[in-house]
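One structure is given below, encoded as C-alpha cells.
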Amino acid sequence: MTYIVLDMEWSQPVTKERSVRRGDLILPVEIIQIGAAAVKDGKILPTAFDEYIKPVYYTKLRPKIRRLTGITPEMLQGADDFERVLMRFRQWIRSMNDETMIVIWGNEDVQVLKSQCEFFGCDCGWIPEWFNLQPLLTRKYHIDRPQMTLSGAVELIGADDSELRYHSAANDAYYTALVLSKMDKIPERLEWQRKVEHAHRNPISSLSVTYYGTRTYRNKSDALKSGAVNSWSCPVCGRQYGLRGASVKLSDNEYLSVRACPTHRIAAKLKLEQNSDGRYYAQRAVGLCDDETERLYDALAEQQGVGANIPKKRGKSRK
C-alpha cells in the first residue's frame, strides 16, 4: 500500500453571494495549488507532486490567502488550468504502480477536490479511498480531542520543522507525510476509527453505553447471576448478548467481558458497588473493544480458566 498524502491551497470568492454557480452546482472555492507526497512501509518516497493552478473564477487572491500561502497572482499567471494539472496528478499517482489510499490532514481537501471535479465536468471516480490522519494521531498519543494543528503534530513526534514554511500545499503534504511515517499499525487504527465514525453517524446508537442498575442484591454472587446485570446490547448494531460464563475478574468488584457480534468486537466492564445497607448494585459500561483491552481479557481468561468461553473473532468490518 502506498499512501498518497494530499494537501491543497485554494482561493475564495469575496463573499458567499459572489460564489459561481452552474445549475445546481456551486464552486465554493477554487484550487490554486496541489501538493502531494508518498509514503510506503513507513518511509517517505523521494517522489513528490507540486503544481500551481491558474484560477478561472476567483482570480483575486484575498490578502489573508496571500499572507498565509505566499502565493501571488504572478505565480499563478503562467500555471496550467485545473484539468491539465489534475491529469498530471492522476498520472503521478498511477506511477506508484501500487494500491493507493489518500491521506489528508483534516476533512476538507478530498471534498473540495471532488466538488471542483464535478463543477468542471471532470471524472472523480478515480479518487482513491481516503482518511483523515488527525484522529488516528490524537488517539495514539491519548490526546483528548480529535483535532490538532499540523505544526503541533510535527512537534509532538519530535521532528524538525524549521526548514519549510507551513500553509504551502507541498510543504504541508511533506509534514503530514512525516507524521504518517511515524504511525504504526495504520490498517488497525483505521479500522477502529471507521467503527467510531459509524457509531457517531447513527443517532439511535452510541459508541459507549453505560447501565446504572436500580435493583440491589444481597451479595455479589446474586448480582452476577442476575439476567438484568448480564444482558446487554452491542452499542453499534443493537444485537443482544449475555455475559454469563464469559467474564474475567479485574478486581474484587470489577469484571470484564469481551464479545464479538458479526461486525464488532465489544468490551463490557461491570462494577459492583455496596450501598449503606450492605446490598450490592451494578454499573456496566459497554463499548467498542480496542487491542489493549482485548489482550488484557485474553491473558486474564487464560489465567482464570475462562478460555473455553472466549468468543471467537469474526470477520473484520469497514464500518
Side-chain angles (χ1 to χ4, degrees), residues 1-10 29-53 69 71 79-118 120 122-140 147-151 153-154 157 159 161 164-194 197 318:
M1 172 69 73
T2 298
Y3 296 101
I4 305 298
V5 184
L6 171 67
D7 193 87
M8 301 188 303
E9 305 296 341
W10 47 73
V29 298
E30 193 169 4
I31 300 169
I32 56 176
Q33 185 187 15
I34 295 179
V39 176
K40 183 171 183 177
D41 299 327
K43 296 180 180 178
I44 302 176
L45 302 182
T47 181
F49 187 90
D50 180 19
E51 286 204 34
Y52 293 115
I53 298 171
T69 66
I71 299 174
D80 274 333
D81 60 21
F82 174 70
E83 290 90 339
R84 289 187 176 90
V85 175
L86 182 68
M87 178 184 66
R88 290 196 287 270
F89 180 51
R90 293 180 62 179
Q91 291 171 344
W92 178 78
I93 292 178
R94 285 198 295 268
S95 72
M96 303 299 161
N97 294 316
D98 192 12
E99 183 180 359
T100 57
M101 180 178 288
I102 287 182
V103 182
I104 58 177
W105 189 259
N107 285 312
E108 290 187 306
D109 291 77
V110 172
Q111 295 170 359
V112 168
L113 180 60
K114 287 182 177 180
S115 174
Q116 186 153 326
C117 283
E118 291 173 354
F120 283 99
C122 302
D123 173 38
C124 60
W126 61 271
I127 299 176
E129 186 179 4
W130 63 277
F131 69 90
N132 174 12
L133 182 58
Q134 284 182 334
L136 274 67
L137 181 81
T138 55
R139 183 171 183 275
K140 175 182 178 180
Q147 296 178 328
M148 67 184 306
T149 63
L150 179 57
S151 59
V154 173
I157 65 172
D161 63 351
L164 303 175
R165 61 171 290 172
Y166 288 96
H167 301 295
S168 159
N171 294 351
D172 285 0
Y174 170 76
Y175 282 134
T176 305
L178 195 61
V179 174
L180 179 68
S181 69
K182 303 301 181 182
M183 294 288 292
D184 59 346
K185 302 177 182 178
I186 294 175
E188 291 85 353
R189 296 183 188 280
L190 187 56
E191 181 187 6
W192 172 267
Q193 186 60 28
R194 287 192 181 111
E197 291 170 354
R318 297 176 67 84

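Note that the CD1 atom of Ile31 and the CH2 atom of Trp10 stand 7.5 Å from one another [nearest 0.5 Å]. Interatomic distance, Leu6 CG to Ile93 CD1, rounded to the nearest 0.5 Å: 7.5 Å. Atom CD1 of residue Ile186 and atom CD of residue Glu191 lie 14.0 Å apart, to the nearest 0.5 angstrom. Asp80 contributes atom CG, which lies 12.0 Å from atom CG of Leu86 (distance to the nearest 0.5 angstrom).
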N/O donor to acceptor pairs below 3.5 angstrom from side-chain atoms of residues 33-51, sequence neighbours left out:
unit_1	atom_1	unit_2	atom_2	d
Gln33	OE1	Ala169	N	3.2
Gln33	NE2	Asp50	OD1	3.0
Lys40	NZ	Asp98	OD2	3.3
Thr47	OG1	Trp92	NE1	2.8
Glu51	OE1	Arg88	NE	3.4
Glu51	OE1	Arg88	NH2	2.8
Glu51	OE2	Arg88	NE	2.8

Would you list the atom pairs, donor with acceptor, under 3.5 Å between side chains in residues 100-113 and any protein atom, with sequence neighbours excluded?
unit_1	atom_1	unit_2	atom_2	d
Trp105	NE1	Met148	O	3.2
Asp109	OD2	Met8	N	2.9
Gln111	NE2	Asn107	O	3.4

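You'll find the side chain of Leu180 stays beyond 4.5 Å of the side chain of Leu136, heavy atoms only. Side-chain contact between Met183 and Leu133: present, with at least one pair of heavy atoms (C-beta onward) separated by less than 4.5 Å. Met96 places a side-chain heavy atom less than 4.5 Å from the side chain of Ile4. In this structure the side chain of Thr149 never reaches within 4.5 angstrom of the side chain of Tyr166, judged on heavy atoms.
Legend: residues meeting side-chain contact (heavy atoms from CB on, under 4.5 Å) with Glu83, ordered by chain and number and at least two apart, are Asp81, Phe120, Cys122. Residues passing the side-chain contact (heavy atoms from CB on, under 4.5 Å) test with Asn97, sequence neighbours excluded: none. Checked against side-chain contact (heavy atoms from CB on, under 4.5 Å), Asp184 has the following partners two or more places apart in sequence or in another chain: Lys140, Arg189. Partners of Ser115 by side-chain contact (heavy atoms from CB on, under 4.5 Å), not counting sequence neighbours, listed by chain and number: Pro28. Looking at residues two or more places apart in sequence or on another chain, you find no ring-ring contact (aromatic ring centres under 6.0 Å, His included) involving Tyr3.
Considering all non-hydrogen atoms of both residues, Leu178 and Ser181 come closest at O-OG, 2.6 Å. The two residues Cys117 and Phe82 have their closest heavy-atom pair at SG-CZ, 4.0 Å. Of all non-hydrogen atoms in Ala173 and Asp7, the two that sit nearest each other are N-CB, 3.9 Å. Residue Ile157 comes nearest to Val154 through the heavy atom pair CG1-O, 3.2 Å, listed as atom of the first residue, atom of the second, then distance. Pairing each heavy atom of Lys114 with each of Ile127, the nearest pair is CG-CD1, 3.5 Å.
Within a 6.0 Å sphere centred on OH of Tyr52, heavy atoms belonging to other residues, nucleotides or ligands number more than 12. Other residues, nucleotides and ligands contribute at most 12 non-hydrogen atoms within 6.0 Å of the CZ atom of Arg84.
For the pair Glu9 (side chain) and Thr69 (backbone), a donor-acceptor distance under 3.5 Å is absent.
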